[in-house]
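Encoded as structure tokens, the structure appears first; notes follow it.
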Amino acid sequence: MEMEISTSTWMMIAFVAGTALSIWKMYPFLVNRTLEDDDTGEDAHNDLVKHMYKVLNECDTTPSSKELHEKMVEHEEFDKERFWRFNLNKLNQLLNIHFAQHPHLNSIEDLHKEAKEQR
């Protein structure tokens, strides 16, 4: 006795196999895990702020934003692998966010004074 599979059954098998293959191929793009060099998260932001305060604490005079960026990147504790995208624009964004979160701070000079007080 020979059993014949209908066309609709073959179409259903092809559809299920195609769907499974598509999900398997797209899965790596759907996984939402943090990358090792991710510098956009809250923990990375906090690490950069701590590092900025440490550098400002070591400065005798208030640096400009460009000087602050150079000193932060050249500092021995700066993680160049994690923050390889850190540039002057990222520093300005970091400063703007920090100023928005702390209304009593308005400039790098205010940050410098606060860093010296936290000593």
List in chain and number order the residues that pass salt bridge (Lys or Arg N to Asp or Glu O under 4.0 Å) with Lys54, two or more places apart in sequence or in another chain; answer none if no residue qualifies.
Glu77
In plain terms, say whether Lys113 and Glu117 are close enough for a salt bridge, that is, a side-chain N and a carboxylate O under 4.0 Å apart.
no
Donor-acceptor under 3.5 Å (Glu67 side chain, Ser64 main chain)
yes
What are the two closest heavy atoms between Leu94 and Met52, and how far apart are they?
CD2-SD, 4.3 Å
Output, in order, the C-alpha distance, side-chain angles, deciding distance and verdict of side-chain contact (heavy atoms from CB on, under 4.5 Å) for Leu56 and Lys71.
CA-CA 9 Å; Leu56 283 169; Lys71 290 180 181 196; over 6 Å; no
Is the ring centre of Phe83 less than 6.0 Å from the ring centre of His51?
no
Flag yes if Ile97 and Leu91 sit in one hydrophobic cluster, no otherwise; membership is Ile, Leu, Val, Met, Phe, Trp, Tyr, and two members link when side-chain heavy atoms are under 4.5 Å apart.
no
Note, Leu111 side chain near Leu95 side chain (heavy atom, < 4.5 Å):
yes
With side chains defined as the heavy atoms from C-beta onward, is the minimum distance between Phe86 and His69 less than 4.5 Å?
yes
Polar contact flag, side-chain donor to acceptor under 3.5 angstrom, Ser6-Thr9:
yes
Evaluate the side-chain contact (heavy atoms from CB on, under 4.5 Å) criterion for residues Lys66 and Leu68: first the C-alpha distance (whole Å), next the side-chain angles of each, then the deciding distance (0.1 Å), finally the verdict.
CA-CA 5 Å; Lys66 186 175 181 180; Leu68 178 59; over 6 Å; no
Phe78 to Val73 - nearest heavy-atom pair and separation
CD2-O, 3.7 Å
Quick one: do Gln101 and His45 satisfy side-chain contact (heavy atoms from CB on, under 4.5 Å)? Show the steps, please.
CA-CA 12 Å; Gln101 292 173 344; His45 173 83; 4.0 Å; yes
Look only at the side chain of His112 and the backbone of Cys59, and say whether a donor-acceptor pair between them is shorter than 3.5 Å.
yes
If we count only N and O atoms by modelled type, under 3.5 Å, do the side chains of Tyr53 and His98 hold a donor and an acceptor together?
yes
Over 12 non-hydrogen atoms of neighbours within 6.0 angstrom of CD in Glu42
no
Flag for Glu114-His104: side-chain donor and acceptor within less than 3.5 Å:
yes
Scan residues 7-27 for pairs that pass ring-ring contact (aromatic ring centres under 6.0 Å, His included), counting only residues two or more places apart or in two chains.
none
